[in-house]
Amino acid sequence: MRINVSQQLKASIGSIRNYEVSGIVDITGGGSMVQGEVRLMRTDRSILAKGTLHTEVEVTCSRCLSLFSCPLTLNIEEEYFPTTDVISGASLPLPEEPSCFTIDEHHVLDLTEAIRQYALLAIPMKPLCREDCAGLCPNCGHNLNQGPCDCLPQEIDPRWSELNKLALASNEQKGTE
Ligand SMILES: [Zn+2]
Ligand SMILES: [Zn+2]
């Protein structure tokens, strides 16, 4: 996720370079494989990184609570400001924007932090392991994606079956009238 941009910093404004990136980024505690393409463009004050990256993170299904791998697509667009002049080696003042991304003194542009931030935003609020996740049985907690649990046949409250008998009895009485 680290790209040396010293040559591009010397290039003219508007010059573009494309990079295939692939590497492991720590997003939610574990390492996630990130792959994709990034286009770097030299601007008058920075390098603009734009690209589409793909990764997967382990998340917990909000319905059945099982861990699953959730694929994420990250559309990244960030400006990276040089901290050191590529020709003179002098330190450069940073722009006013707080929390802007920077290119280090070795002219390395590191995409890791942007990828981490975009990935965290891309994780759904209520992840589902699959669209039709059956969830857990409210009675015994069994994961219904793995088939029905033993409570299903006993689901009818015995009091209801008593009422059913009464209803049947009254119907029979009506029939005899
Ligand atoms: Zn689920
Ligand atoms: Zn159950």
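As a basis for the values below, the full set of heavy atoms in this structure was taken, side chains included, without hydrogen atoms, waters or symmetry mates. In what follows, residues are counted from 1 in the order of the sequence shown.
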Next item on the list: Scan Thr112, Leu109, Leu53 and name whichever one has a side chain to side chain contact (heavy atoms under 4.5 Å, CB included) with Met1.
Entry: Thr112
hydrophobic_cluster_shared for [Y] and [X], side chain cutoff 4.5 Å:
{"X": "Leu9", "Y": "Phe81", "result": "no"}
{"X": "Leu94", "Y": "Val86", "result": "no"}
{"X": "Ile115", "Y": "Val108", "result": "no"}
{"X": "Leu111", "Y": "Leu48", "result": "no"}
{"X": "Met41", "Y": "Tyr19", "result": "no"}

Under a 3.5 Å distance rule, please check whether [X] uses its side chain to pair with a backbone N or O of [Y] as donor and acceptor.
{"X": "Thr83", "Y": "Ile103", "result": "yes"}
{"X": "Thr43", "Y": "Arg45", "result": "yes"}
{"X": "Tyr118", "Y": "Glu77", "result": "yes"}
{"X": "Arg42", "Y": "Ile47", "result": "no"}
{"X": "Asn145", "Y": "Ala134", "result": "yes"}
{"X": "Arg63", "Y": "Cys133", "result": "yes"}

Checklist line | Test item: side-chain donor near acceptor, Glu79 and Ser46, under 3.5 Å | finding: yes
Next item on the list: Would you tell me whether Ser69 and Glu56 have side-chain atoms, one donor and one acceptor, within less than 3.5 Å of each other?
Entry: yes
Note to self: Set out, in order, the CA-CA distance, both residues' side-chain angles and the distance that settles side-chain contact (heavy atoms from CB on, under 4.5 Å) for Cys64 and Leu144, then state yes or no.
What the structure shows: CA-CA 8 Å; Cys64 71; Leu144 298 172; over 6 Å; no
Next item on the list: Flag the pair Ile27 / Thr55 as yes when at least one side-chain heavy-atom distance between them is below 4.5 Å, and no otherwise.
Entry: yes
Next item on the list: Compare every heavy atom of Leu74 with every heavy atom of Ala119, then report the nearest pair and how far apart it is.
Entry: CA-CD2, 3.6 Å
Next item on the list: Measure across Ser22 and Met33 and return the closest heavy-atom pair with its distance rounded to 0.1 Å.
Entry: OG-CE, 3.4 Å
Next item on the list: Mind running side-chain contact (heavy atoms from CB on, under 4.5 Å) on Thr84 and His107 for me, showing each step along the way?
Entry: CA-CA 7 Å; Thr84 304; His107 315 298; 4.2 Å; yes
